[in-house]
Amino acid sequence: MRVTVDRTKCYGHGICEALAQSVFTLDADGKSTVTADPVPESERIAVEEAIACCPSEALRAL
């Protein structure tokens with residue numbers, strides 16, 4: 001599984017980072033970035049939850 005962040009939609013709420021710390025981090029601009037590509041299978045459920053919970057719908061699974 002791969003995941004992308006649409007940085008034009010990201011408002012830096014940090015929900016993705018809270019749910020999947022080993023996959024997402026907030027950068028110096030306060031926007032989410034993907035730190036694991038591909039996503040480890042052990043993080044799949046957490047990433048799917050992060051995608052579903054993103055209030056700005058900035059996350060997409062590929």
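These numbers come from a predicted model, not from an experiment.
Not a single donor-acceptor pair under 3.5 Å links the side chain of T35 to the backbone N or O of T25.
Looking at residues two or more places apart in sequence or on another chain, you find no salt bridge (Lys or Arg N to Asp or Glu O under 4.0 Å) involving D6. Residues satisfying the side chain to side chain contact (heavy atoms under 4.5 Å, CB included) criterion with L26, sequence neighbours excluded, are E17, S32. Looking at residues two or more places apart in sequence or on another chain, you find a side chain to side chain contact (heavy atoms under 4.5 Å, CB included) between D27 and R7, D29, K31, T33.
Listed by first and then second residue, the salt bridge (Lys or Arg N to Asp or Glu O under 4.0 Å) pairs that reach into residues 49-62 come to none, sequence neighbours excluded.
Counting only heavy atoms from C-beta outward, the side chains of L19 and C53 approach each other to under 4.5 Å.
Taking each heavy atom of A58 and C10 in turn, the nearest pair found is CB-N, 3.8 Å.
Hydrophobic cluster of V5: the remaining members, joined at side-chain heavy-atom separations below 4.5 Å, are M1, V3, V23, F24, V34, V39, V47, I51, L59, listed by chain and number.
Taking OG1 of T4 as the reference point, atom CG of D37 lies at 9.5 Å (rounded to 0.5 Å).
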